[in-house]
Amino acid sequence: MDKRIAVVTGANRGIGFEICRQLARHGGIRVVLTSRDGKKGETAARKLDVESHPLDVASERSVTSFSGWLTGAHGRIDILVNNAGILADPRGSRVLDSKLSTWRETLDTNLIGPLLMIHALVPLMKKGGYGRVVNVSSGQGQLSEMGVGTPAYRASKTALNALTRTLAAELSGSGILVNSMCPGWVRTDMGGASAPRTVEQGADTALWLATLPDNGPTGGFFRDRKPIPW
């Protein structure tokens with residue numbers, strides 16, 4: 001059988017880059033590493049010997065262009081990892097002093113971006129009768145653990161989890177599994193040098209969800225390959 005085609009967004013560094021590495025090493029998967037900065041994406045892709053393509057998930061034009069390229073180049077999509085995300089809240093930010101511009105910027109990338117990718121690529125999955133959608137969320141989006149700080153980021157990840165649940169229900173029985181995952185607090189540019197987890201640990205659950213068997217879970221939220229509360 002032809003190799004599965006996997007697309008990972010925001011993947012020129014950090015967790016996204018490591019997800020690409022693990023998918024490429026898994027075997028039977030052809031990885032497309034995407035990055036808002038095309039040159040940085042090409043540099044990262046060369047390190048892994050995978051494909052790259054520029055993509056700004058917050059731009060409908062960019063997503064449409066990417067979808068057209070992918071359809072022409074491969075004619076299919078089997079795995080979509082919505083990893084691209086930003087943390088735009090200033091340090092110590094609170095709801096009452098937050099700016100609308102921060103909320104719009106955050107939601108455009110962390111929620112609308114994955115939605116645009118889903119609109120563009122899931123129809124291709126449906127044609128093939130197979131798909132795995134992995135939404136990289138965060139424990140900061142858990143309603144059960146909701147607290148103070150980074151309000152725009154928290155709300156964006158809660159909304160992404162809602163999108164996961166809704167899409168999974170809509171696609172039930174289609175052969176497409178949709179799940180959210182939390183990488184934990186990882187040592188990346190976003191997580192900082194004091195974070196306790198490595199990028200390898202943070203990316204592992206994404207690999208697992210991207211390669212689930214047909215009887216695997218859908219509509220779930222996972223960390224370290226185990227379900228966690230919403």
Side-chain angles (χ1 to χ4, degrees), residues 1-11 16 19-20 22-36 38 41 45 48 50-85 108-137 159-181 205-222:
M1 187 180 73
D2 292 340
K3 287 188 174 184
R4 303 282 191 198
I5 303 298
V7 172
V8 184
T9 67
I19 292 171
C20 288
Q22 292 188 21
L23 285 170
R25 288 180 173 178
H26 186 269
I29 298 173
R30 187 166 183 172
V31 177
V32 180
L33 180 158
T34 72
S35 172
R36 186 167 54 183
L48 302 179
V50 301
E51 283 188 88
S52 70
H53 199 278
L55 172 65
D56 179 0
V57 300
S59 164
E60 187 172 0
R61 178 178 296 180
S62 179
V63 172
T64 299
S65 175
F66 174 78
S67 176
W69 169 82
L70 184 72
T71 301
H74 297 289
R76 61 187 290 184
I77 170 69
D78 303 289
I79 299 165
L80 169 61
V81 181
N82 283 313
N83 169 76
D108 276 349
T109 298
N110 295 2
L111 175 64
I112 303 303
L115 177 61
L116 289 173
M117 294 299 292
I118 286 164
H119 278 173
L121 300 186
V122 167
L124 273 178
M125 291 181 176
K126 292 179 74 173
K127 287 182 180 180
Y130 175 95
R132 302 291 182 264
V133 179
V134 182
N135 292 324
V136 179
S137 184
L160 180 62
N161 286 347
L163 176 61
T164 296
R165 292 281 287 178
T166 302
L167 182 63
E170 289 183 6
L171 295 175
S172 178
S174 69
I176 302 171
L177 307 180
V178 186
N179 292 286
S180 284
M181 59 83 67
T205 299
L207 172 69
W208 174 62
L209 292 172
T211 56
L212 285 172
D214 291 341
N215 63 350
T218 190
F221 192 15
F222 299 90

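One is the number of the first residue; the rest follow in order along the sequence. Side chains included, hydrogens not; waters and symmetry mates left out as well; all remaining heavy atoms used. Nothing here was measured: the structure is a model prediction, and the numbers come from that model.
- The line from CG of Asn110 to CG of Leu163 is 12.0 Å long, rounded to the nearest 0.5 Å.
- Judged by distance alone, the side chain of Asn179 and the main-chain N or O of Thr164 form no donor-acceptor pair under 3.5 Å.
- At least one donor-acceptor pair closer than 3.5 Å links the side chain of Thr211 to the backbone N or O of Leu207.
- Residues Leu33 and Gly41 share a closest heavy-atom pair of CD2-O, 3.6 Å.
- Of all non-hydrogen atoms in Val31 and Val50, the two that sit nearest each other are O-CB, 3.6 Å.
- Screening Ile79, Leu70, Leu80 for a side chain to side chain contact (heavy atoms under 4.5 Å, CB included) with Ile5, the sole residue that qualifies is Leu70.
- The minimum heavy-atom distance linking Leu23 with Ala210 is given by the pair CD2-CB, 3.9 Å.
- For the side chain to side chain contact (heavy atoms under 4.5 Å, CB included) test with Phe66, the passing option among Thr71, Val32, Thr9 is Val32; the others fail.
- At distances below 3.5 Å, not a single donor-acceptor pair connects side-chain atoms of Thr34 with backbone N or O atoms of Pro54.
- The backbone N or O of Ser137 lies less than 3.5 Å from no partner atom in the side chain of Asn135, so there is not a single donor-acceptor pair.
- At least one donor-acceptor pair closer than 3.5 Å links the side chain of Asn83 to the backbone N or O of Gly10.
- Not one N or O on the side chain of Thr218 forms a donor-acceptor pair closer than 3.5 Å with the backbone of Leu177.
- A salt bridge is defined here as a Lys NZ or Arg NE, NH1 or NH2 lying under 4.0 Å from an Asp or Glu carboxylate O, and Asp78 with Arg30 fails to meet this definition.
- When all heavy atoms of Ser59 and Leu116 are compared, the pair lying nearest together is C-CD1, 4.2 Å.
- Defined by atom type and a distance below 3.5 Å, a donor-acceptor pair is present between the side-chain atoms of Glu51 and His74.
- Within the 3.5 Å criterion, the main-chain N or O of Ala168 finds no donor-acceptor partner in the side chain of Ser172.
- Formation of a donor-acceptor pair under 3.5 Å by the Ser174 side chain with backbone atoms of Leu171 is found in this model.
- Side chains of Met117 and Leu55 form a contact here, defined as non-hydrogen atoms less than 4.5 Å apart.
- The cationic group of Arg165 does not satisfy the cation-pi geometry with Phe221, failing either the under 6.0 Å distance to the six-membered ring centre or the 45° limit from the ring axis.
- Of all non-hydrogen atoms in Ala206 and Ile19, the two that sit nearest each other are CB-CD1, 3.6 Å.
- The heavy-atom pair separating Arg76 from Asp2 by the smallest distance is NH1-CB, 3.5 Å.
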